[in-house]
S.K.: 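Shown below is the structure under consideration.
Chain letters run A, B, ... following the sequence lines, proteins first and then strands; every chain starts at 1.
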There are 2 protein chains.
Amino acid sequence: MSRPKPQKRATVHDIAAAAGVSRGTVSRVLNGGYVSAEARAAIEAAITDVGYVPNNAARTLKMRRSQAVAFVALEPHSLFLDDPNIGAIMLGANAALSLADHQMVSLVVESARDTERVARYLSGGFVDGAIVVSARTRDPIIKVIADLRIPAAFVGHPPELSDSIPFVGIDNVGSARSITARLAASGRRRIGMIAAALDRDSGLDRLTGFKNALGTEFDPSLVADVPHYDYGSGVKGMRLLLEREPAIDGVFAASDAIAAGALEALREAGRSVPGDVGVVGFDDSTWAVRCQPQLSTVHQPAKELGSFAAQLVLRQLAGEQVEHHGELLDTPIIWRDSA
Amino acid sequence: MSRPKPQKRATVHDIAAAAGVSRGTVSRVLNGGYVSAEARAAIEAAITDVGYVPNNAARTLKMRRSQAVAFVALEPHSLFLDDPNIGAIMLGANAALSLADHQMVSLVVESARDTERVARYLSGGFVDGAIVVSARTRDPIIKVIADLRIPAAFVGHPPELSDSIPFVGIDNVGSARSITARLAASGRRRIGMIAAALDRDSGLDRLTGFKNALGTEFDPSLVADVPHYDYGSGVKGMRLLLEREPAIDGVFAASDAIAAGALEALREAGRSVPGDVGVVGFDDSTWAVRCQPQLSTVHQPAKELGSFAAQLVLRQLAGEQVEHHGELLDTPIIWRDSA
DNA sequence: TTGTAAGCGTTATCAC
DNA sequence: GTGATAACGCTTACAA
């Protein structure tokens with residue numbers, strides 16, 4: 001029992017036959033070239049008549065261009081389920097690609113099986129380039145993409161091995177330093193941090209920024225180290241901090257989701273925010289305005305990250321040699337009510 | 001200044017030349033056919049030697065199969081940014097497709113421009129089938145897909161016009177009825193609902209289920225009608241309900257996000273949950289366990305919806321005539337602490 | 001078991 | 001302006 005072939009569809013050949021012209025002429029009206037008004041009319045009539053739809057595979061084979069760009073999400077589980085940013089990044093990338101008449105196709109890499117299949121897909125000509133959102137560095141597919149020499153761009157810190165691939169990201173160290181400094185400037189004396197995902201660049205960098213801001217005031221016992229950027233981790237981290245230092249009066253949470261969890265833990269401990277404790281987050285995601293009080297946080301321009309990465313790929317596709325290999329986007333501090 | 005063609009890559013022809021055999025033999029080792037051990041060895045050596053990577057466009061053109069299935073997300077803005085389910089549905093679909101060695105490519109339809117481009121993409125042979133997650137019915141692309149006669153499946157209620165396309169969903173009416181009944185059975189007398197997205201089937205159906213459960217007890221003034229399935233709407237809806245009926249002691253929220261918002265509004269009004277007011281949600285999303293107290297809710301099997309939809313497409317691809325056109329998955333009630 | 005050759009649907013290069 | 005014709009890289013009868 002073999003798989004049935006899809007029904008046969010009308011081709012350029014059929015149009016040509018129906019319109020009484022040659023395939024070349026048909027192709028010319030399809031792609032825009034010199035063709036007489038009458039021929040054009042006849043062909044256009046024939047096109048709708050036979051119900052023609054172009055075959056992308058054939059066109060790609062001939063043109064060596066698919067007009068498609070992949071959006072590769074590594075670690076999609078944590079990305080899609082915990083991180084509210086990935087959706088915005090996707091949408092930003094799609095908008096930019098759409099404007100340039102490119103189709104964004106997003107691929108999910110969750111298993112070893114996926115890694116291999118996606119690698120084949122990327123290398124097979126179905127896409128002209130790739131945007132990679134890498135939650136964690138050192139994913140096997142990163143090497144694959146570098147080896148493929150396909151026009152690509154990373155969102156987030158680029159893994160060490162592929163400095164040939166441009167990226168766009170944010171200054172995690174600087175942003176963390178700024179918001180911590182601002183928190184300190186509001187008069188807080190005992191400031192702690194709920195640090196998350198220290199196995200990722202972003203997590204590590206935010207901790208570094210925190211240390212930088214505090215300088216000699218920095219107290220390692222006021223850092224709670226939690227695994228993920230999620231709400232539950234925030235609750236646990238805050239409880240830990242309260243236990244270690246009841247006099248704590250300021251907290252930098254490594255993400256808004258964590259900050260939201262921290263708010264919950266503070267509420268259960270009977271502390272008022274921002275009265276007793278000032279809390280700041282990171283991301284300016286939907287969490288930030290869902291909380292009570294709303295979070296003061298670092299705005300992460302997710303949409304812009306996506307569209308910038310798309311531009312990076314499009315420029316390479318246009319033959320431009322992308323010069324500076326990394327770009328950091330601005331992350332304004334949004335000061336709301338939680339600190 | 002025309003776009004540069006990508007560098008030339010090794011082809012089957014090159015392998016054949018390097019191994020001193022014909023293209024046919026090379027193809028045979030690539031696809032698994034009779035070939036002598038020595039020829040096989042020589043060819044495999046040549047493959048790695050010349051750095052061969054197969055050209056999918058050519059293969060698809062010949063085979064009329066891309067081994068790819070599209071995952072089309074309509075209204076991605078609300079879907080990706082507000083709805084925690086879409087990620088899980090995607091992951092479920094991807095896992096199922098991956099097992100069948102198909103590549104899931106997800107496409108986002110956000111603008112009219114997108115609609116047209118995606119329609120071209122779907123019809124052009126880049127994918128063998130499509131899974132459509134339609135937040136709202138009557139999206140223009142739905143007709144396109146129906147007309148395309150490409151193997152497809154919907155997640156969620158199928159729009160009226162395309163009863164030719166199978167779907168998988170949940171029984172929103174029944175689920176809403178069940179959880180409302182259970183809430184009533186816990187002794188609540190004045191039960192209200194925060195109804196959302198009444199322009200969608202899901203929203204309407206959940207309201208219907210609520211009415212059904214209450215029967216003659218149903219009081220239209222205890223329904224707050226909000227636009228979206230999000231936290232903010234929950235806060236507003238609950239405030240409205242409290243204003244209209246201070247004696248309210250039970251609330252069915254149309255989604256977990258809404259329930260979370262309702263909890264916030266109840267807290268600010270000084271009502272205890274579940275003491276003064278019992279609250280139930282819908283979805284069993286990440287919200288449900290982030291709340292304090294954790295939500296009693298209807299479990300929506302998002303991952304399974306995705307994988308079922310994938311199966312629906314795969315079965316059509318295998319030539320099977322998909323018989324019953326709609327399947328509803330179970331939605332067990334998860335009873336936690338909020339009621 | 002292997003080679004040959006045709007053809008998938010398109011676009012592009014030529015003559016006319 | 002338009003019509004032949006040759007690719008693009010691959011698979012697959014059919015011969016050998």
Side-chain angles (χ1 to χ4, degrees), chain A residues 2-44 46-47 50-68 120-121 123-126 128, chain B residues 2-3 5-44 46-47 50-67 120-121 123-126 128:
Chain A
S2 85
R3 296 174 141 205
K5 301 283 185 209
Q7 68 194 74
K8 178 147 176 58
R9 302 228 252 225
T11 72
V12 166
H13 189 91
D14 300 325
I15 301 175
V21 296
S22 79
R23 306 211 292 282
T25 311
V26 174
S27 182
R28 254 165 250 133
V29 2
L30 255 22
N31 299 292
Y34 292 120
V35 47
S36 69
E38 49 203 322
R40 177 178 298 274
I43 291 171
E44 278 169 350
I47 286 179
V50 302
Y52 171 73
V53 345
N55 182 318
N56 277 327
R59 172 174 290 197
T60 298
L61 176 58
K62 183 65 184 171
M63 307 284 268
R64 304 168 123 122
R65 281 277 175 189
S66 61
Q67 296 285 103
R120 282 202 310 270
Y121 191 87
S123 57
F126 273 166
D128 299 334
Chain B
S2 84
R3 295 173 143 206
K5 302 284 186 210
Q7 68 195 74
K8 176 145 178 60
R9 302 228 252 225
T11 72
V12 166
H13 188 90
D14 301 324
I15 301 175
V21 296
S22 80
R23 307 211 291 279
T25 312
V26 174
S27 182
R28 254 163 248 135
V29 3
L30 254 22
N31 299 292
Y34 292 119
V35 48
S36 69
E38 48 204 323
R40 178 177 299 274
I43 291 171
E44 279 168 350
I47 286 179
V50 303
Y52 172 73
V53 343
N55 181 318
N56 277 327
R59 169 174 291 194
T60 298
L61 176 57
K62 182 66 185 171
M63 306 284 268
R64 303 168 123 121
R65 282 277 175 190
S66 61
Q67 297 284 104
R120 282 203 309 270
Y121 191 87
S123 57
F126 273 165
D128 299 333

S.K.: Out of dC8(D), dT10(C), dT12(D), which nucleotide sits closest to the side chain of R59(A)?
M.R.: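 Side chain of R59(A) sits closest to dT10(C).
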S.K.: Taking any heavy-atom pair under 4.0 Å as a contact, classify T11(A): base, sugar-phosphate, or nothing.
M.R.: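 Sugar-phosphate contact only.
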S.K.: N55(A) has an atom CG; how far is it from atom C1' of dT11(C), in whole Å?
M.R.: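 These atoms are roughly 13 Å apart.
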S.K.: Closer to the 5' end of DNA chain C via nearest nucleotide, is it Y52(A) or A39(B)?
M.R.: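 Residue closer to the 5' terminus by nearest nucleotide: A39(B).
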S.K.: Can you measure L30(B) atom CG to dT12(D) atom C1' for me and round it to whole angstrom units?
M.R.: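 Answer to the nearest Å: 14 Å.
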S.K.: N31(A) and R59(A): which non-hydrogen atoms are nearest, and at how many Å?
M.R.: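 Here N31(A) and R59(A) meet closest at OD1-NH2, 3.8 Å.
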S.K.: Please find the pair of heavy atoms, one from V35(B) and one from R40(B), that lie closest to each other, and give the distance.
M.R.: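 Minimum heavy-atom contact is CG1-NH2, 2.8 Å.
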S.K.: A57(A) near the nucleic acid: base, sugar-phosphate alone, or nothing, with a heavy-atom cut-off under 4.0 Å?
M.R.: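 Nothing, no heavy atom under 4.0 Å.
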S.K.: How close or far is atom C1' of dT4(C) from atom NE2 of H13(B), stated in whole angstroms?
M.R.: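 Rounded to whole Å, this separation is 13 Å.
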S.K.: When only distance counts, do a donor and an acceptor, one from the side chain of K62(A) and one from the base of dA7(D), lie under 3.5 Å apart?
M.R.: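 Donor-acceptor pair under 3.5 Å: yes.
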S.K.: Does a distance-only test, which skips hydrogens and angles, find a donor-acceptor pair under 3.5 Å between the side chain of R28(A) and the base of dG3(D)?
M.R.: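 Per atom types, the contact qualifies.
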S.K.: Here's a test of your reading of the structure: between T25(A) and L61(A), which maps to the more 5' nucleotide of DNA chain D?
M.R.: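 Residue closer to the 5' terminus by nearest nucleotide: T25(A).
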S.K.: Grab the CG-P distance between N56(A) and dT10(C) for me, whole Å please.
M.R.: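 Spelled out: CG on N56(A) to P on dT10(C) is 10 Å.
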S.K.: Rounding to an integer number of Å, can you tell me how far R65(A) CZ sits from dG9(C) C1'?
M.R.: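 Interatomic distance, CZ of R65(A) to C1' of dG9(C): 20 Å.
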S.K.: Without decimals, in angstroms, what is the distance between M63(A) CE and dA12(C) C1'?
M.R.: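 Rounded to the whole Å, the gap is 10 Å.
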S.K.: Both P54(A) and S22(B) contact DNA chain C. Which one's nearest nucleotide lies toward the 5' end?
M.R.: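 Here S22(B) is the residue nearer the 5' end.
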S.K.: What distance separates R120(A) CZ from N56(B) CG, expressed to the nearest 0.5 Å?
M.R.: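 If we round to the nearest 0.5 Å, R120(A):CZ and N56(B):CG are 8.5 Å apart.
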S.K.: Nearest 0.5 angstrom please: S36(A) OG to I43(A) CD1, how far?
M.R.: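 Reported value, rounded in 0.5 Å steps: 8.0 Å.
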S.K.: Quickly work out the R23(A) CZ to dA4(D) C1' distance and round it to whole Å.
M.R.: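 Whole-Å distance recorded here is 9 Å.
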